[in-house]
Number of protein chains: 2
Amino acid sequence: MATRPSRPALRARYDRRRQEILLGAARVFAQHGYDQTAMPELAEALGLATGSLYHYFPGKEQLLMGICDQLLDPLLEQARALLDREDPPEQQLRALVRLWVAHVVECRDHMLVFQQERHVIERGATWRGVRASRKRFERLVEEVLTRVDEAGAATLADRKLALWALLGMVNHTAQWYRARGPLGAQQIADGYVDLLLAGSGVLSSSAGSATR
Amino acid sequence: MATRPSRPALRARYDRRRQEILLGAARVFAQHGYDQTAMPELAEALGLATGSLYHYFPGKEQLLMGICDQLLDPLLEQARALLDREDPPEQQLRALVRLWVAHVVECRDHMLVFQQERHVIERGATWRGVRASRKRFERLVEEVLTRVDEAGAATLADRKLALWALLGMVNHTAQWYRARGPLGAQQIADGYVDLLLAGSGVLSSSAGSATR
DNA sequence: TCGAAGTCCGAACGAGCATTCGATATCCTT
DNA sequence: AAGGATATCGAATGCTCGTTCGGACTTCGA
């Protein structure tokens, strides 16, 4: 009945199993779609009985929510840590996009599910938390762009447009990235940043973008 | 039972009604999600009885397929016409992105549905046609980028990455564009093109991008 | 104006699904 | 080693939803 063990010694195992289930669920949902995946089907893919799923999650929707959290929480945390440091804005931007792309590539399935279920996430009070996280992250990106702009190193033609362009590029990466492909996460990230910065008439191919 | 009238005089009305239904369905699917929308619910939103839907479409899936066609066919056609002309590559790129963004903005609902149902579209023989159209359009974009590159006007750091970046930016536009927003479709398109071209060290703000 | 073709209706059907639950097996603690 | 907590099971339940169908109404063509 989805109860976290009261005995502390067992919590670790329970939590770990929960995370594993989310990982597997993300994979299956990304492939077959959230609604098209039946709970028994998911359970089988995870090597569990149907009922066991409900030991870890009260329902299907919480599974989806867990996937969103697993995607957004670490991203937000890393981004915050980065913004707190007082590095030059341009360097911050590059670092942010690098970790972001790396995360998207790492959590490709989560990302695909997150995008596919936009219509669920964008409605209803239950999803306020997820929406807030997404919003917070986007604001962090915007903040970095603002810093870059104000540092005068680069002037973005339109800051909002630059933000949305960046969001589009990075998020879309989940759709085409292949682990065995010729491009690594860092190369991709640097490519995006170069577009954005060079696009505003600064460095044509920043020293910082030299990769591997 | 979804039979096209044999009497020619009635075909026009039938076809028109079909298109209208697709339009409405796209709106509802974009908002509530394809799977989450029940056929009676959809029918009601369209001011029809449940059974009437099946007069125009043999099933729910064909509704989705119709939406994809309504999105891709005109886009593909316009793009082809553009590529056939012998304009300078750079101008072609700008024109292509302009009509593309305009279409995305025009068919925002279709686009959202198309993106959300990726997992359906990418599987199964039934969807081969839609996949082929998508692929064909992407190849047209790639072709234009190649021309730009080879004309020597601009050298894209990595042509594939540029292509995917562009696809990401433009497709993502459907997520944030608002008709009452400050940015028009053409401004957005030009912004994207400027990023791409300026990003490769050519024109910082092309004359062609002057909008309105 | 008559008959046929087309359009629309909405209750009823049956398959598929999320979730429940009582039982069983396994694990910690003492 | 015993007992309670935890973990897993999978068949049964009740509901939702896509689709069907027989009939009523409307429009077209001659």
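Below, read A as the first sequence line, B as the second, and so on, with proteins coming before strands; counting in each chain starts at 1. These numbers come from a predicted model, not from an experiment.
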Between B:R85 and B:D87, does any side-chain N to carboxylate O distance fall below 4.0 Å?
yes
Between atom CD in B:E44 and atom C1' in D:dC17, what is the gap in whole Å?
15 Å
Figure out the CG/P separation between B:L64 and D:dG18, and round it to whole Å.
13 Å
Nearest-angstrom distance from the residue atom CD of B:Q62 to C1' of D:dT19:
12 Å
Looking at D:dT8, I'd like to know if its phosphate oxygens (OP1 or OP2) sit under 4.0 Å from a side-chain N or O belonging to A:T50.
no
Can you confirm whether or not the ring centre of A:F137 sits under 6.0 Å from the ring centre of A:W100?
yes
Counting only side-chain nitrogens and oxygens, does A:Y56 get under 4.0 Å of the OP1 or OP2 atom of D:dT8?
yes
How long is the line joining CG of B:L48 and P of D:dT26, in whole Å?
16 Å
Touch check for A:R13, heavy atoms < 4.0 angstrom, all strands: base, sugar-phosphate only, or nothing?
sugar-phosphate
Nucleotide D:dA7, atom P - distance to CG of A:L53 in whole Å
14 Å
Does A:K60 make a cation-pi contact with A:Y54 (under 6.0 Å, within 45 degrees of the axis)?
no
Would you indicate which nucleotide in C:dT29, D:dG29, C:dG10 comes nearest to any side-chain atom of B:R7?
D:dG29
A:Y14 side chain, from C-beta outward: closest of D:dA7, D:dC9, C:dC17
D:dA7
Map A:S6 and B:Y34 onto DNA chain D by nearest heavy atom, then report which one ends up closer to the 5' terminus.
A:S6
Under 4.0 Å between a side-chain nitrogen and a carboxylate oxygen: does that hold for A:E143 and A:R139?
no
Separation of D:dC21 C1' from B:H55 NE2 (nearest whole Å):
15 Å
Just how far, in rounded Å, is P of C:dA18 from CD of A:Q36?
11 Å
Considering every strand and a 4.0 Å limit on heavy-atom distances, what is the contact class for B:T3: base, sugar-phosphate, or nothing?
nothing
Nearest to side-chain heavy atoms of A:A9, which nucleotide of C:dT7, D:dT19, C:dC28:
C:dC28
Report, as yes or no, whether the 6.0 Å neighbourhood of atom CD on B:Q175 holds more than 12 heavy atoms from other residues, nucleotides or ligands.
yes
Between atom OH in A:Y54 and atom C1' in D:dG10, what is the gap in whole Å?
13 Å
Quick one: which of D:dC9, C:dC8, C:dA18 gets closest to the side chain of B:R17?
C:dC8
For C:dG6 and B:R4 - does any side-chain N or O of the residue sit under 4.0 Å from the phosphate oxygens OP1/OP2?
no
DNA chain D: 5'-proximal contact among B:T37 and A:S52 (nearest heavy atom)
A:S52
